[in-house]
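Take a look at the structure set out below.
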Amino acid sequence: MNRSQAPIGLFDSGVGGLTVAAAIKKVMPNESMIYFGDTAHLPYGDKSKETIVQYSLSIAEFLLNKGCKILLIACNSASSNAFKEVKAFVGERAEVLNVIDPVIEFVGKDTSHSNIGVIGTKATINSGSYHDGIRKLRPDTEVSSLATPLFVPMIEEGFIFDDISNAIIRAYLSRSELKDIDSLILGCTHYPIIMNQINRFFNFKIDVLDSALIVAEKLKLILSEKDLLSNTINARHQFFVSDHTDYFEIIAKMFFGEKIELQRTMI
Ligand code: DGL
């Protein structure tokens with residue numbers, strides 16, 4: 001097979017990365033994707049770096065064996081803790097991209113904000129990836145980070161647009177760390193699902209940045225530079241999970257925007 005027709009491989013701890021898959025489908029409808037959601041080990045955000053690296057390497061191997069032309073770590077917790085290790089492991093076999101660097105690059109060029117908030121899992125926030133990356137490009141910018149660990153289980157359990165999620169969102173976002181921000185990076189691929197609620201909390205007065213489209217555009221640029229863009233009209237997607245329940249199918253549809261079939265596989 002012509003390498004440009006090979007699928008894009010992407011993974012997350014669960015179904016959150018499907019928000020990125022949905023953006024890829026929108027930006028590059030000709031691309032086939034192989035998605036892996038490590039639902040048996042979810043959440044990654046509370047795990048140690050060593051454990052996140054170990055899971056990420058196994059998934060990278062799985063996706064390479066499926067013939068993927070490029071790997072995207074569609075999980076901030078894994079991007080911030082395992083990117084270097086996955087890149088070294090994959091070596092020349094494929095390009096590896098994470099979901100954090102494209103956002104840092106985007107924010108680095110955009111001088112309209114000077115007090116940027118970042119929310120994410122404990123693993124992402126404790127890594128300092130966003131803070132350090134943004135400050136390196138724009139030392140004059142204030143970056144305030146806050147771990148919001150309840151958001152992932154809340155979303156995975158389907159608490160969206162209800163009193164429980166509104167109370168949790170209010171409890172986190174009214175914290176002093178985020179008091180003066182003029183923009184907010186959603187540093188977790190689950191969070192676009194609650195973007196409207198977050199916008200409402202801030203009365204639509206700050207810019208809330210969803211990284212999915214930024215990442216999809218960056219991926220397109222890289223594939224184009226490497227002459228790896230697909231021109232097929234028969235794009236085909238496959239979705240694998242390490243544990244399967246009917247409930248994952250339901251929320252997967254919500255994240256991807258259409259019904260998908262999840263295949264259980266061991267890694
Ligand atoms: N979607 C993952 C991320 O972007 C977080 C989920 C988890 O903690 O497993 O960080």
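First listed ligand is number 1; within each ligand, the first listed atom is number 1.
Taking the side chain as every heavy atom from C-beta outward, Thr124 and Ser129 never approach each other to under 4.5 Å.
With rounding to the nearest 0.5 Å, the separation of CD1 in Ile198 from CG in Leu184 is 6.0 Å.
Annotation for Asp227: atom CG does not count as buried by contact number, only 12 or fewer foreign heavy atoms lying within 6.0 Å.
The contact shell of ligand 1, taken as protein residues with any non-hydrogen atom closer than 4.0 angstrom, comprises Asp12, Ser13, Pro43, Tyr44, Gly45, Cys75, Asn76, Ser77, Thr121, Val152, Cys188, Thr189, His190.
In this model, a donor atom of one side chain and an acceptor atom of the other lie less than 3.5 Å apart for Asn76 and Tyr130. Side chains of Tyr191 and Thr148: a donor-acceptor N/O pair is present below 3.5 angstrom, by distance only. A donor-acceptor pair shorter than 3.5 Å cannot be found between the side chains of Ser56 and Glu85.
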